[in-house]
There are 2 protein chains.
Amino acid sequence: MASSTIRDVARAADVSVASVSRVLNDHANVHPDTRERVRAAISALGYVPHAGARSLSLARTQAIGVVLPDLHGEFFSEIVRGMDRAVTPAGYHLLLSNMHADAELAAQAMRTMRGRVDGLIVMAPHLTADALEAALPRGLPTVMLNTVPSGDRAGIRVDNAAGIRAAVAHLAATGRRAPVHIAGPVGNVDAVARRDAFAAAMRDHFPDAPVRIVAGDFFEESGTAAVAALVAEGTPFDAVVAANDMMAFGALQALRDAGRQVPEQVAVTGFDDVPLARYLGLTTAHVPLVDMGSRAIDRLLALISPGLSSATHGARDPDLIIPELIVRRSSGAPETL
Amino acid sequence: MASSTIRDVARAADVSVASVSRVLNDHANVHPDTRERVRAAISALGYVPHAGARSLSLARTQAIGVVLPDLHGEFFSEIVRGMDRAVTPAGYHLLLSNMHADAELAAQAMRTMRGRVDGLIVMAPHLTADALEAALPRGLPTVMLNTVPSGDRAGIRVDNAAGIRAAVAHLAATGRRAPVHIAGPVGNVDAVARRDAFAAAMRDHFPDAPVRIVAGDFFEESGTAAVAALVAEGTPFDAVVAANDMMAFGALQALRDAGRQVPEQVAVTGFDDVPLARYLGLTTAHVPLVDMGSRAIDRLLALISPGLSSATHGARDPDLIIPELIVRRSSGAPETL
DNA sequence: AACGGCTACGTAACCGGTTACATGGCGCGG
DNA sequence: CCGCGCCATGTAACCGGTTACGTAGCCGTT
């Protein structure tokens, strides 16, 4: 029952463990007869090498740790899918760990990765640079995703400002007069960048309009609540710029409940372009989520084994992703999909 | 740079590695002064224990392997989310591995898990029982998800027949006359069960109608193609029973393109109830995906440490999940959502 | 015949933890 | 004052692999 070890195989094949190891790893200098005997013993015993032990002696685990704040919604699952896509052909595995908001627990999560993985992808938009730097285990190659740039660590980021600017410019160009912003959680880098970009874009495109920003938390319900509150207060607005798609969906829901026509009376835009956005006809700043995931892995793998860097990505700064605005029904595009 | 080991800490604190280990694991019988010295040395060196080495000597990795065929779509991501939910509080991690269709590669994937994880969750609806049994490493606790029951292994399954029966009965009850089925990939257990259940349900509810089944592969495009083909051939039908939600979405798309009204002219039902289904108003057999994921983990954890089984689930056969039909717009429910 | 070099293989150290067992020092009862 | 037991701690084996290094045997040269 207890699975057999390399020594069992060695005994069965009447050779030393070294020879078994050589056969397993296709090393040269093994006599064909010996190789055959070892192979036979392996399949007779049903031997499967113990990856953990191998990792320890090679100091390579063939695994990549992924630390992220949540697995909710398509946003994260798309990114993880992208990572998986890139990691499998390279012979690596993904070790998932989702961390809680608390900085101490986050540090905990990152530390338990040491000795388990060869590198780390960290998505921690809610941590400060200091907290992060304190939490990261030393000597572990790390790539940050949508996280405050910290020291000289590699990171892949989305140009939040560009996405919001494009949305606001589009609203101005299509004749809207009073956009409001539903912001993401306080303390989240992306949320903050988007909020600031909204304020700046308002000054550029709507210098005379008040800058209205209402709080949200990136979840659908907060979008619904935000719009419901605006409606209840009687605040005038004819466009909603949500800081992410999920809140935009919530906003659409609330607008429907309030009997406001989209896009005739109110335009809605999101951010991320999760798959659902296409189905629901949401205008949004497209972020190549799957691609971001695989790109992060490629970057990390290059860090891990510097030699075989597979032809640097063409672009000038491949680490800054510029979202592209996809115009759909929710902001007035003719029926598509 | 190179991170320090327990021996470095021992040297710095002027104690033996045993004492350091005792401090790390909160063992009794360590003098408070010693404990303090060790703690100081640990933080001075920034020492983080090497989980791999620990695993090897304890023969416990605190990780669960998840082997699945694909990460595409919400189906899998919801399940994985459920797993993560259950695994984190137990102090375990998830090691993802998605396997390719080929049985040999699948076996490979499962084998490389040995020594990396304490248990395995296998979702392999496309493998035969034999192939599976041959591939599974011996002595590794395993729970199968939507997979042919093999030997006495634990497994969690969906009652495919019940879901399809409910859908067909609903269509009959609401006056449809000629349903067609879009089947899933050949060789997939769930797909086969659903197809057979459709044929059986047709005999029960529509004894005079022909049983029309068209091929699909669980992806959206195949649903679109299937309906497009039916329309092109002029085959009469007033209901589409898709073997999963994604194909149902594709069918909706194709129906819209063909100018057929849903649900007036054609009703559509899916299977799974992925989150998207609610947004698009799809009638579907609800499968508690997140719950299935966590339940699989609970089951596995109980297998791993038999002692502390956390109160068996109330139900009589908690391992067979009965889907419940959720009726929405696509089959004639009044406007919801 | 002596020697060098090559091939095939075994021995044992090592990766970084855990822990059974041994040990030394101390307090305490008799 | 002796001996017992307990507490705190150290030594070294072990988990299951990999591999540097050593060696035996064989061949070909000179």
Side-chain angles (χ1 to χ4, degrees), chain A residues 2-38 41-42 45-63 111-118 137-140, chain B residues 2-39 41-42 45-62 111-118 137-140:
Chain A
S3 28
S4 40
T5 76
I6 198 175
R7 301 185 212 261
D8 298 329
V9 175
R11 199 171 314 123
D14 197 33
V15 295
S16 74
V17 293
S19 291
V20 177
S21 178
R22 282 189 273 254
V23 169
L24 285 171
N25 298 292
D26 280 322
H27 281 194
N29 290 346
V30 187
H31 191 93
D33 293 356
T34 308
R35 187 183 304 276
E36 213 31 67
R37 269 214 321 290
V38 171
I42 286 176
L45 293 176
Y47 168 74
V48 178
H50 189 286
R54 184 156 207 272
S55 296
L56 184 56
S57 94
L58 289 180
R60 273 191 304 115
T61 61
Q62 298 293 104
R111 273 197 264 276
T112 56
M113 287 291 187
R114 139 129 160 118
R116 267 184 219 286
V117 301
D118 296 337
R138 245 103 59 164
L140 196 57
Chain B
S3 29
S4 40
T5 78
I6 198 175
R7 301 184 212 262
D8 297 330
V9 175
R11 198 171 315 123
D14 197 32
V15 296
S16 73
V17 291
S19 292
V20 178
S21 179
R22 283 189 272 255
V23 169
L24 285 171
N25 298 292
D26 280 325
H27 280 194
N29 290 347
V30 187
H31 191 94
D33 293 356
T34 309
R35 186 184 305 277
E36 213 31 67
R37 267 215 320 291
V38 170
R39 290 248 166 84
I42 287 177
L45 293 175
Y47 168 74
V48 179
H50 189 286
R54 185 156 205 273
S55 296
L56 183 57
S57 92
L58 289 180
R60 272 191 305 116
T61 61
Q62 299 290 107
R111 271 196 265 277
T112 55
M113 287 291 187
R114 141 130 158 115
R116 264 184 221 286
V117 300
D118 297 336
R138 245 101 58 164
L140 196 57

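Sequence lines set the chain letters: A, B, ... in the order given, protein chains first and strands last, and positions in each chain run from 1. When reading the values below, keep in mind they use all heavy atoms of this one structure, side chains included, and skip hydrogens, waters and symmetry mates.
Rounded to whole Å, atom C1' of dG17(D) lies 13 Å from atom NE2 of His50(B). dG10(D) atom C1' lies 13 Å from atom CZ of Arg37(B), rounded to whole Å. With rounding to whole Å, Leu56(B) atom CG is found 8 Å from dG17(D) atom C1'. Counting to the nearest Å, the C1' atom of dC9(C) and the CZ atom of Arg35(A) are 13 Å from each other. Going from atom CG of Asn25(B) over to atom C1' of dG17(C) covers 9 Å, rounded to whole Å. In this structure, CG of Leu24(B) is placed 14 Å from C1' of dT19(C), rounded to the nearest angstrom. As a whole-Å value, the separation of Arg11(A) CZ from dT11(C) P is 13 Å. Atom CZ of Arg22(B) is separated from atom P of dC7(D) by 14 Å (rounded to the nearest Å).
With Arg54(A) as the partner, the side-chain contact (heavy atoms from CB on, under 4.5 Å) test is satisfied by one option alone out of Leu24(A), Asn25(A), Ile6(A): Asn25(A).
For dG10(C), one of the phosphate oxygens OP1 or OP2 lies less than 4.0 angstrom from a side-chain nitrogen or oxygen of Ser19(A). Contact annotation: Asn29(B) does not reach the phosphate of dC7(D) (side-chain N/O to OP1 or OP2, under 4.0 Å). At least one side-chain nitrogen or oxygen of Ser16(A) sits closer than 4.0 Å to the OP1 or OP2 atom of dG10(C). Ser21(A) has a side-chain polar atom (N or O) that falls below the 4.0 Å cut-off from OP1 or OP2 of dT18(D). In terms of phosphate contacts, Ser57(A) brings no side-chain nitrogen or oxygen within less than 4.0 Å of OP1 or OP2 of dT18(D).
Contact annotation: side chain of Arg54(B) to base of dG16(C), donor-acceptor pair absent below 3.5 Å. Side-chain atoms of Arg114(B) stay outside donor-acceptor range of the base of dG16(D), with no qualifying N/O pair under 3.5 Å.
Looking at Arg138(A), its side chain never comes within 3.5 Å of a backbone N or O of Ser3(B) through a donor-acceptor pair.
Along DNA chain D, the nucleotide closest to Tyr47(A) and the one closest to Asp14(B) are compared, and the more 5′ of them pairs with Asp14(B). Projected onto DNA chain C by closest heavy-atom contact, His31(A) and Val17(A) fall at different nucleotides, the more 5' of which corresponds to His31(A).
Between Ala63(A) and Arg116(A), the closest heavy-atom pair is CB-O, 3.7 Å. Closest heavy-atom contact between Ala53(B) and Leu56(A): CB-CD1, 3.9 Å.
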Would Arg11(B) and Asp8(B) satisfy side chain to side chain contact (heavy atoms under 4.5 Å, CB included), going step by step from the backbone distance to the final call?
-> CA-CA 5 Å; Arg11(B) 198 171 315 123; Asp8(B) 297 330; 3.5 Å; yes

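Using a 4.0 Å heavy-atom criterion, one finds that Leu58(B) contacts the sugar-phosphate atoms exclusively.
Each of dG17(C), dC15(C), dT9(D) was ranked by its minimum atom distance to the side chain of Arg7(B); first place goes to dG17(C). Each of dC9(C), dG17(C), dT19(D) was ranked by its minimum atom distance to the side chain of Ala18(A); first place goes to dT19(D).
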